[in-house]
Amino acid sequence: MERIAIGFLGCGNIGCGVYKLLETYGPQIEKNEGVAFEIKKILVRSLGKKRSWEIPEQLLTDDADEVLNNPEISIVMEFMGGDQPAASYMIRALESGKTVVTANKMALASHWNEIVTVAREHGAGLYYEASVCGAIPIIRAMNDSLQANRISSVMGIINGTTNYILSRMSSEGAAYEDVLRDAQRLGLAEPDPTADVEGYDAAYKLSILSTLAFHRHVPVESVYREGIAGVTALDVACGREFGLTLKLLGVAKEEDGRIQARVHPTFVPSSHPLAGVGDAFNAVYVHGHACGEMMFYGRGAGDMPTASALVSDLIKAAAQKRHGLPAVADEPCVMAEDWNCVHFVRMQAKDEPGVLAMLASKFAKYGVSIASMVQKGDADERGFVQLVFLTHQASEHAVRSALAEIDEKIGSVGSIIRVEGV
Ligand code: HSE
């Protein structure tokens, strides 16, 4: 039986989940895979803290060197979260030839080039399945199972918190603030929800996914990002009338050698597989030229789903004679400055003759074709009504240019939401 000594960096919920999985399922892994893992040291911030799984005290240390400089340890598992010191610890481990298994999308996406280069220079393994969508094996799929494909698009529900909020807004007609408060009370959203609701968490994940999909490094700073804080129950309801369901999507596409990577609220047809992904589940919908369309679905967060990905990476790392690294070319990616999609535009506009003709003429001036339009309800005290337009495929710049020309005394934009999957 091969025995491998490992060290942990961090022991919060995820670390405890990994410890629990190795303790409870380790004997079966030994039988199945012929390898035993021995946890030698665990770096923690606070030695005396109460943990969700009982960990022997003698394993704990608050000195990173006891993990990073321990010559016995050949694999370091990192789940400290955050950028620093996690990124420098991973780099130090790789520099000393240790394999790194990480769940840390922020550190990995923010320091991609540095981390991958150090791993390559030192022949060290780098495994990060848990960094994107928890238990869903999307990294393995991108790196291994879909290698024979030119990937043209990746669309994903890659943040569970926002999917929970939007799913409840959709099913209950509830307001964003009410569902967010409820999610915080239930422990589903963080007390400071910024990383999730403003799309930062999804942007890190999309940077990693699009880098692997298109074989070019897509820096997280190049990912266009809009969160869900501005989404209204009215938009959700209007979308439903057009047969659309609202999701926070990460969308990555390669068209004519240019890459789009964007995170924003997005309508998808209610018949689309992504529309049926409810609660806090994640899903990634991929199109490859040979495989066609496929969807990966599952739990994107939580201690045991994340531990599932981490321990699977650990087993894979242990079995490798030579570690593979992501097939990413050195040339920088060229990002698209504009993109085409269907746009949902909700406006408040004066309810009087000629207004619709004027709005249509602005769209026409920029080559934006209207697919359908509805007028909602009665005019308010100022004589304004809600108008909702659905365009045909149109450039983002064209739609915004047309709307920018509308005199505010006649009409103003309530929301612009992209539509994908049509
Ligand atoms: N906070 C994330 C989510 C999980 O809500 O999906 C960790 O990336």
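Numbering of ligands and ligand atoms starts at 1, following listing order. Every value quoted in this text rests on a predicted model; they were computed, and no experiment measured them.
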* To do: Report the part of Thr162 (side chain from C-beta onward, or backbone N, CA, C, O) that has a heavy atom under 4.0 Å from ligand 1; answer both or neither where that applies.
  => neither
* Asked: How far is atom 1 (N) of ligand 1 from its nearest protein heavy atom, and which residue and atom name does that atom have?
  -> Asp196 OD1, 2.9 Å
* **Distance from atom 4 (C) of ligand 1 to nearest protein heavy atom, with residue and atom** => Ala301 CB, 3.7 Å
* Residue, atom name and distance, where the atom is the protein heavy atom closest to atom 6 (O) of ligand 1 -> Gly160 N, 2.6 Å
* To do: Examine the proximity of ligand 1 to Glu190 and report which part, side chain or backbone, both or neither, has a heavy atom under 4.0 Å away.
  => neither
* With the threshold set at 4.0 Å, does a side-chain nitrogen-carboxylate oxygen contact exist between Asp279 and Arg299? -> no
* Taking the minimum heavy-atom distance to atom 8 (O) of ligand 1, which of Met106, Lys105, Arg299 ranks first? -> Lys105
* Asked: Between Thr161 and ligand 1, which part of the residue brings a heavy atom under 4.0 Å of the ligand: side chain, backbone, both or neither?
  -> both
* In plain terms, say whether Lys20 and Asp303 are close enough for a salt bridge, that is, a side-chain N and a carboxylate O under 4.0 Å apart. => no
* Between Lys316 and Asp313, is there a salt bridge with N-O shorter than 4.0 Å? -> no
* To do: Determine, for Arg216 against Glu254, whether the closest basic-nitrogen to carboxylate-oxygen distance falls under 4.0 angstrom.
  => no
* Could you verify whether a donor N or O on one side chain and an acceptor N or O on the other, from Ser152 and His287, lie under 3.5 Å apart? => yes
* Asked: So is Asn282 polar-close to ligand 1, meaning N/O to N/O under 3.5 Å?
  -> no
* Do NZ/NE/NH1/NH2 and the carboxylate oxygens of Arg418 and Glu396 come within less than 4.0 Å? -> yes
